[in-house]
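Working notes, beginning with the structure itself.
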Amino acid sequence: MRVEELHGYRLSPREARELQVELAPRVEADVPLDPGSLEYVAGVDVSTEARSGMAYATVVVLDFPGLEVVEERGFAAPLDFPYVPGLLSFRELPPVVGALREVETPVGAIICDAQGIAHPRRLGLASHLGLFVEVPTVGCAKSRLVGDFEEPGREKGSATDLVDRGEVVGRVVRTRSGVSPVYVSVGNRIDLDSAVRLVLACAPKYRLPETTRRAHEAANRLRRGDAGTLL
DNA sequence: GCGACAG
DNA sequence: ATCTTGTCGC
């Protein structure tokens, strides 16, 4: 798939924040997505190895709404940027871009294991990546970076607004009754309601979307070495 | 100065 | 994220 990196990653944390402020206005958060026209969804995840200083990114493509794996790609790259809350994309995007470029399936949407615009400068990894590709991106994180919210109802599908500095930047969604909720936010080229519906459609059985689960296990396999089973 | 802080 | 055994709970 086509990926257009808009800049390099050899920046200081200070420069990275300035770049986020410059790029954030380009995010489109009002584009509806018709689930009926979606054929393939991709999940992206990164596994890091401090010992070797390497990052292993994987992209797993699932058919929709069946959610069966149809393609898997992996890419390794050195970790040149430290983990700094709010600057995660500068650390993980290099390997993610490498893996995405090898994807051949015509993906209709990408779900990232990170935040979208639910970010201090409205440019979490899902949004940042969304500016590099032409397809819609969604952020589905396991924990909160910014924003206040009320605990959503205990039943599956229950959700509440994630509000930061007076703005609704995402939704706290209960994908399964009884489990802790996930934090869904717009990546790029999609609206919040569509993003939430997509995440729920991809998580019919577990807390995390099938896309995230498959990408996560594939990334761990790649890091451990036994990444023999990739289509 | 103190607390918070995606992965 | 990663380091790690057993263990509490549905």
Side-chain angles (χ1 to χ4, degrees), chain A residues 9 13-14 16-17 19-20 23-24 27 43-60 74-99 110-131 137-149 154-156 162-165 167 169-188 192 195 199 205-209 211-225:
Chain A
Y9 307 92
R14 167 61 183 283
R17 291 190 188 87
L19 182 55
Q20 292 180 320
L23 298 175
V27 171
V44 177
D45 191 46
V46 177
S47 180
T48 61
E49 188 172 50
R51 180 172 63 71
S52 63
M54 292 296 275
Y56 301 83
T58 53
V59 176
V60 175
F75 194 92
L79 285 169
D80 296 322
F81 204 94
Y83 169 67
V84 179
L87 301 180
L88 180 66
S89 58
F90 291 89
R91 175 181 175 79
E92 304 193 338
L93 237 31
V96 166
V97 167
I110 301 173
I111 296 179
C112 303
D113 181 26
Q115 308 290 349
I117 62 174
H119 175 280
R121 290 166 291 286
R122 307 293 182 263
L123 197 78
L125 189 155
S127 295
H128 199 157
L129 173 62
L131 294 178
T137 57
V138 171
C140 179
K142 298 182 293 302
S143 60
R144 180 201 76 94
L145 175 59
V146 298
D148 303 304
F149 64 95
R154 182 174 163 300
E155 341 73 65
K156 167 186 296 193
L162 178 60
V163 183
D164 181 46
R165 289 153 27 185
E167 288 179 57
V169 296
R171 296 274 285 171
V172 182
V173 183
R174 192 82 71 184
T175 53
R176 283 199 71 185
S177 50
V179 304
S180 51
V182 295
Y183 301 76
V184 180
S185 58
V186 167
N188 189 26
L192 186 53
V199 167
K205 191 175 169 65
Y206 301 96
R207 177 170 90 112
L208 299 179
T211 44
T212 303
R213 301 184 61 248
R214 312 307 283 238
H216 192 289
E217 54 183 49
N220 279 148
R221 276 162 19 198
L222 183 59
R223 175 168 57 75
R224 285 163 32 196

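All values reported here derive from a predicted model rather than from experimental measurement.
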Quick one: is [X] getting a side-chain N or O under 4.0 Å of the [N] phosphate, OP1 or OP2?
X: Thr48(A); N: dG7(B); answer: no
X: Asn220(A); N: dA1(C); answer: no
X: His216(A); N: dA1(C); answer: yes
X: Ser89(A); N: dA6(B); answer: no

Starting from [atom2] on [N], measure out to [atom1] on [X] and report it in whole angstrom.
X: Arg122(A); N: dA6(B); atom1: CZ; atom2: P; result: 16 Å
X: Tyr183(A); N: dC5(B); atom1: OH; atom2: P; result: 10 Å
X: Asp148(A); N: dC5(B); atom1: CG; atom2: P; result: 11 Å
X: His128(A); N: dG7(B); atom1: NE2; atom2: P; result: 18 Å
X: Glu217(A); N: dA1(C); atom1: CD; atom2: P; result: 14 Å
X: His119(A); N: dG7(B); atom1: NE2; atom2: P; result: 13 Å
X: Asp164(A); N: dA6(B); atom1: CG; atom2: P; result: 14 Å
X: Lys142(A); N: dA1(C); atom1: NZ; atom2: C1'; result: 9 Å

Looking across every strand, which nucleic acid part, if any, lies under 4.0 Å from [X] by heavy atom: base, sugar-phosphate, or nothing?
X: Arg144(A); result: sugar-phosphate
X: Ala50(A); result: nothing
X: Leu79(A); result: nothing
X: Gly86(A); result: base

Scan Arg221(A), Arg223(A), Arg224(A) and name whichever one has a side chain to side chain contact (heavy atoms under 4.5 Å, CB included) with Tyr56(A). Arg223(A)

May I ask whether Tyr83(A) stacks on the base of dA1(C), given the cut-offs of 5.5 Å between ring centres and 30° between planes? no

So which heavy atom on [X] is nearest to which on [Y], and how close?
X: Arg176(A); Y: Lys205(A); result: CD-O, 3.2 Å
X: Ala215(A); Y: Val60(A); result: CA-CG2, 3.6 Å
X: Asn188(A); Y: Ser127(A); result: CB-O, 4.4 Å
X: Val46(A); Y: Ala57(A); result: CG2-CB, 4.0 Å

Shortest side-chain distance from Leu145(A), nucleotide among dC5(B), dT2(C), dG7(B): dC5(B)

Consider the side chain of Leu88(A), meaning its heavy atoms from C-beta on, and name the nucleotide among dC5(B), dT2(C), dA6(B) that approaches it most closely. dA6(B)

Check for me whether Arg213(A) meets the cation-pi criterion with Tyr206(A), that is, NZ or CZ under 6.0 Å from the six-membered ring centre and within 45 degrees of the ring axis. yes

Show your reasoning for whether side chain to side chain contact (heavy atoms under 4.5 Å, CB included) applies to Tyr83(A) and Leu88(A). CA-CA 6 Å; Tyr83(A) 169 67; Leu88(A) 180 66; 3.8 Å; yes

How would nucleotides 3-10 of chain C be written as a contact map, 5' to 3', with B for base contact, S for sugar-phosphate-only contact and - for no contact, using protein heavy atoms under 4.0 Å? --------

Any chance the side chains of Arg207(A) and Ser180(A) put a donor and an acceptor closer than 3.5 Å? yes

